[in-house]
Amino acid sequence: MLKETRTFAQKVFESYMYMYYFITLSLLSSGFTMLRAFSHTNGRCMFHHTKCWHHRKSVLAIRREDVNAWERRAPLAPKHVKELTKMGYKVLVQPSNRRAIHEKEYIKAGAIIQEDISEASLIIGVKRPPEEKLIPKKNYAFFSHTIKAQEANMPLLDEILRQEIRLFDYEKMVDHKGMRVVAFGKWAGVAGMINILHGLGLRFLALGHHTPFMHIGMAHNYRNSSQAVQAVRDAGYEISLGLMPKSVGPLTFVFTGTGNVSKGAQEMFNALPCEFVEPHELKEVSRSGDLRKVYGTVLSRHHHLVRKRDGIYDPVDYEKHPENYTSRFHIDVAPYTTCLINGIYWEQHTPRLLSRQDAQKLLVPVISADGSTEGCPELPHKLLAICDISADTGGSIEFMTECTTIENPFCMYDADQHITHDSVEGSGILMCSIDNLPAQLPIEATEYFGDMLFPYIEEMLSSEGSEPLEKQNYSPVVRDAVIASNGSLTPKYQYIQKLRESREQAQSLKMGDKKRVLLLGSGYVSGPVLEYLTRDSNIGITVVSVMKEQLEQLTKKYSNVTSVHMDVLKREEKLSSLVKKHDLVISLLPYSAHPFVAKKCIENKVNLVTASYLTPAMKELQESVEAAGITVVSEMGLDPGLDHMLAMECIDKAKEVGATVISYTSFCGGLPAPEHSDNPLRYKFSWSPQGVLLNTVQSATYLKDGEIINIPAGGALLDSVTPMDFFPGLNLEGFPNRDSTKYAEPYGIQTARTLLRGTLRYKGYSKTMGGFVKLGLINPDPYPLLSSTTPPLTWKELMCKLVGIKSPVEHHVLKEAVFSKLEKDKSQLEAVEWLGLLGDEQVPAADSIVGALAKHMEMKLPFGTGERDMIIMRNEIGLRHPSGHLEDKFVDLVVYGDNKGHSAMAKTVGYPTAIAAKMVLDGEIVAKGMVIPLTKNVYGPILERVRAEGIVYSTHSVIKQ
Ligand SMILES: NC(=O)c1ccc[n+]([C@@H]2O[C@H](COP(=O)([O-])OP(=O)(O)OC[C@H]3O[C@@H](n4cnc5c(N)ncnc54)[C@H](O)[C@@H]3O)[C@@H](O)[C@H]2O)c1
Ligand SMILES: N[C@@H](CCCCN[C@@H](CCC(=O)O)C(=O)O)C(=O)O
């Protein structure tokens, strides 16, 4: 069964012979006379009819799997590496503690463990690399999941094309019959079967039955498949002793597909006391079968597919016109199936096995003559579980719309409600649809896959990725697996582009009459924007972000939302085409990206809303915005945003009674709630960390008692800190924020002799940040040493560079140098140490030092579970009334984050942004050109609507004389 009896040498020899046979056949059949084959033993060529591949000993690299936390497989095992190194190839293996086969084994096989793999001409992995780790003009081989134009992987494909990479996709390495020659399939089947037996144990228990399946674990809990076989056998032994509850009746397992997946699953199933029957016998055994066995059936196409017209299955016709066929699975098989193990490859236009309606019918309770007792309940319905190993979302099992994961392997599909819930309880069908099953048995899967891939490695290695594809003497298996090369899709795969275009068209048709909003950014403050806009079912939203997981987390909660994972700055054309298809763009990207986005909005005449300052770079676009006749709303958040609106409401009211504004001061802080301010900075991030850090080195200008005060950029701001005691219970400090004087005119308060906008922090923040500034950590200049393509630095090494000493050094030497750079400030040194900046942690890859520090600090200063943030804003407006008396008006806004919902920052930024966006969409804001929320027709409705969202402010006044 699972035990491998052939030696590795035999297998290698067999695979070569097979390949030799196959190449010979295919070359002969295509009229070639050249023969090509090679031996991997002794480093010599076995057949010399043509050149030997390894004429120039290229370098092979096995990359680290870095996209999925469970990915412990590798494309080749040490035994394959050993063969390659014996043949004289250099094999680099990127270090990875996650890989299930230890690095030591690869070293023993002759590999070099090395981070930098840029010298390799072929880089292989199991799964895709992140776009930013691609190296231009190389050969790459991995499962790209691009051949169905899968949306999530299109940015990767675009990068591959842009970087002129040659991509071999394992999924398209097929023999002359179209059968895949390298695959993990069998191990998906093995792991899938183990998991679903475990799941059945849990489901039976939820239904009131202890069964022997309770003693079977998840596949990854076994060291190898033999251990799992043992557990399954033990369970089977108990079944054979008649220990299955009688009231559940005979169990039947249906295997669809006849490929490796199905075979792997059947191999594991064979460890149970099983009897295989023909599909037509299923009905009978499911009623009166032996309870000391389990029954299995393997379903091929001819068992369930029929032509709609005449009820006949014609295999030749089916290949040509699958759309003319339908499946009888739901009628002939499913009603007699306890557990379906689905291993068929599904393609558009081929019949589905089960639809939602089918599932509804199958979940109708079966009333049996024997009846049910409380302690021995009958099953609610026959079909209990589906293990969808094919994992084609919305495919042959129509209602499997989201794959489950190794960490959350099961969900229940309730066909009546058409919902899935994360549990094994309640009504419905237990579903397991993990799409990376072989990763649960990583060692065997690696060895198995490597055996199949190994014979092709040499030829993939035979040239650089930059050399023309036409000049390569690839075998058909390898040639046909090249999806992209030299910057283009190869002819066989040009359909991918067409598929993408037609999908995009379909998506825009689906949007129909809906208003379409393009939301750029899925970060800290995007949540309430999406939440607010999706309340209107007439708005369709596309969310774009470069951070995939963050994007998925944000969008999965909402319907009417499409997500696009891409870097908008790198994909100008795609951004433009997206902008064009929407009625309004909201940019919640880092503010430096807004001008780029605004240009696309101008070109396509689409309105734009941002929560960011109307910077000089944005202002420059004013004329073009007006010429395009569009509305660009800026400063529509909290600060800037609500501060303007609260000020203007007060100023306008004061003017109505003839008062003159003589001073305006506004301070605002996004802070952790006081009980969560327990770190040297007394701060946690609730909005863009890089923005927070950069604000400490901005210049500032303000008016104080008629005098203009200028503070230069570079950190001097942190020395202009004053204690703020308007809420004496909080230990606050404040420093000026940007150029306050520029608001005198737009606010209409040129009469004011004090005009100051500032930022609030808990006491101690500025001092600590001052230390980072002194060390050069708040530096936005490009710093190539931190790029993702260079070997990573540790903080200790970076700090040595910053203080100008050579590394490596002893800890105390570095500490002393840093201390002296900090002008012997102990609290600043403590904060640097607390953050681990003198330690061995890796500096995150980033464009600049401040970018890396922002990422690092974001990890060190997170809001923990149950922790919340807080917004404090105080506006103080000094008025002189016509009677001559003076009045100070105070407008205070204090908002707390919701424990399990939006943060205070997200609410106070996101709601104004969303409300303004809706006002533009609905024609409530009609002004063209650059708009900031200073006029009553804009701030009035927004303040009213944010109050309805629980953002409540208070006012009081003090008459002075
Ligand atoms: N007015 C206010 O009171 C206020 C308050 C907070 C934030 N803001 C502004 O709102 C914006 C969003 O803030 P945030 O805290 O959510 O920021 P964030 O850093 O948390 O999020 C930025 C988002 O942009 C995405 N992104 C970055 N570069 C990208 C690229 N090249 N292509 C695609 N996506 C990219 C990131 O993946 C992330 O989802 C920022 O401009 C910020 O300055 C304004
Ligand atoms: N000043 C407060 C609140 C800041 C809210 C974010 N405002 C950003 C807006 C940047 C932009 O997108 O233009 C800022 O930098 O002040 C604090 O710092 O705690």
Side-chain angles (χ1 to χ4, degrees), residues 131-132 155 518-530 543-555 563-572 574-575 578 586-594 596-597 609-615 617-618 633-645 666-672 683-696 698 700 717 732 734-738 757-762 765 769 847 851 854-855 858 869-873 893 895 902-913 916 932-933:
E131 286 93 330
E132 65 278 9
L518 181 64
L519 171 59
L520 305 177
S522 55
Y524 284 95
V525 302
S526 291
V529 176
L530 207 51
V543 189
V544 179
S545 176
V546 73
M547 293 173 77
K548 194 160 177 251
E549 272 178 34
Q550 188 191 66
L551 177 67
E552 281 166 7
Q553 281 300 321
L554 175 71
T555 53
S563 48
V564 178
H565 169 223
M566 69 170 200
D567 185 328
V568 299
L569 301 177
K570 288 195 183 143
R571 301 194 57 213
E572 198 170 342
K574 173 79 182 169
L575 173 66
L578 278 171
I586 299 173
S587 179
L588 290 178
L589 298 174
Y591 54 79
S592 52
H594 300 330
F596 180 76
V597 173
V609 176
T610 84
S612 296
Y613 281 103
L614 184 54
T615 54
M618 284 294 276
V633 181
S634 304
E635 311 203 4
M636 191 50 92
L638 165 71
D639 167 14
L642 288 176
D643 57 347
H644 295 328
M645 296 187 252
S666 172
F667 273 85
C668 175
L671 301 164
Y683 186 77
K684 291 182 177 175
F685 296 105
S686 58
W687 66 282
S688 167
Q690 190 159 333
V692 172
L693 296 182
L694 284 174
N695 277 358
T696 59
Q698 297 252 22
L717 206 62
L732 297 173
F735 52 84
N737 181 6
R738 298 181 171 83
R757 300 174 73 254
T759 293
L760 290 174
R761 293 287 180 262
Y762 289 122
Y765 174 88
M769 285 302 298
D847 297 337
K855 287 186 187 171
E858 197 175 17
D869 71 326
M870 175 174 77
I871 293 296
I872 295 182
M873 183 190 286
L893 175 70
V895 181
H902 302 307
S903 70
M905 179 64 79
K907 288 192 281 188
T908 52
V909 178
Y911 286 133
T913 305
I932 61 171

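In listed order, ligands and their atoms are each counted from 1. Keep in mind that what you see is a predicted model, and the values were worked out from it rather than measured.
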Which residue holds the protein heavy atom closest to [atom], what is that atom called, and what is the gap in Å?
{"atom": "atom 16 (O) of ligand 2", "result": "R738 NH1, 3.1 Å"}
{"atom": "atom 10 (C) of ligand 2", "result": "Y591 CD2, 3.7 Å"}
{"atom": "atom 12 (O) of ligand 2", "result": "S612 OG, 2.4 Å"}
{"atom": "atom 13 (O) of ligand 2", "result": "Y613 N, 2.8 Å"}
{"atom": "atom 8 (C) of ligand 2", "result": "W687 CH2, 3.5 Å"}
{"atom": "atom 2 (C) of ligand 2", "result": "C668 O, 3.3 Å"}
{"atom": "atom 18 (O) of ligand 2", "result": "R761 NH2, 2.9 Å"}

Heavy atom of [X] under 4.0 Å from ligand 2?
{"X": "E635", "result": "no"}
{"X": "G691", "result": "no"}
{"X": "H594", "result": "no"}

Worksheet item: Nearest non-hydrogen atom to atom 4 (C) of ligand 2 belongs to which of L614, D639, T615, L638?
Response: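 Residue with the shortest heavy-atom distance to the ligand atom: D639.
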
At less than 4.0 angstrom from any non-hydrogen atom of [X], what atoms of ligand 2 do you find?
{"X": "G670", "value": "17 (C), 19 (O)"}
{"X": "N695", "value": "14 (C), 15 (O), 16 (O)"}
{"X": "G669", "value": "19 (O)"}

Worksheet item: R761: what forms a salt bridge (charged side-chain N to carboxylate O under 4.0 Å, His left out) with it, not counting sequence neighbours?
Response: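 In terms of salt bridge (charged side-chain N to carboxylate O under 4.0 Å, His left out), with neighbours along the sequence ignored, R761 is linked to no residue.
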
Fill in: Results of salt bridge (charged side-chain N to carboxylate O under 4.0 Å, His left out) for R738 - residues two or more places apart only
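Scan of R738 (salt bridge (charged side-chain N to carboxylate O under 4.0 Å, His left out), adjacent residues dropped) gives none.
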
Worksheet entry | By side-chain hydrogen bond (donor to acceptor under 3.5 Å, both in side chains) - contacts of Y765 (at least two apart) |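 If we apply the side-chain hydrogen bond (donor to acceptor under 3.5 Å, both in side chains) test to Y765, skipping adjacent residues, there are no hits.
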
Worksheet item: Out of curiosity, S526 OG to I586 CD1, how far, rounded to the nearest 0.5 Å?
Response: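 Answer rounded to 0.5 Å: 9.0 Å.
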
Of all heavy-atom pairs between [X] and [Y], which one has the smallest distance, and what is that distance?
{"X": "V546", "Y": "H565", "answer": "O-NE2, 3.0 Å"}
{"X": "P672", "Y": "M870", "answer": "O-CE, 4.2 Å"}
{"X": "P528", "Y": "A906", "answer": "CG-O, 3.2 Å"}
{"X": "N695", "Y": "L717", "answer": "O-CD2, 3.3 Å"}

Worksheet entry | side chain to side chain contact (heavy atoms under 4.5 Å, CB included) partner of L575, chosen from L569, D567, L520 |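 That would be L520.
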
Discussion item. Under the side chain to side chain contact (heavy atoms under 4.5 Å, CB included) test against L893, which residue among D639, I872, L638 passes?
Written reply: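 When side chain to side chain contact (heavy atoms under 4.5 Å, CB included) is applied between L893 and each of D639, I872, L638, only L638 qualifies.
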
Worksheet item: Got a donor-acceptor contact below 3.5 angstrom from the T913 side chain to the M636 backbone?
Response: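 It does hold such a pair.
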
Practice prompt. Measure from the side-chain N and O atoms of Q698 to the backbone N and O of N737, and report whether any donor-acceptor pair falls under 3.5 Å.
Written response: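 No, the answer is negative, given that no donor and acceptor are paired below the 3.5 Å cut-off.
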
Item to complete: Select all protein residues for which some heavy-atom-to-ligand 1 distance is less than 4.0 Å, and list them by chain and number.
Response: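 Ligand 1 pocket, heavy atoms under 4.0 Å: G521, S522, G523, Y524, V525, S545, V546, M547, Q550, M566, D567, V568, L569, L588, L589, P590, Y591, H594, A611, S612, G637, L638, D639, P640, W687, S688, V909.
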
Worksheet item: Is it the case that more than 12 heavy atoms not belonging to E572 sit under 6.0 Å from its CD atom?
Response: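 Counting neighbours around CD of E572, 12 or fewer heavy atoms of other residues, nucleotides or ligands fall under 6.0 Å, so no.
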
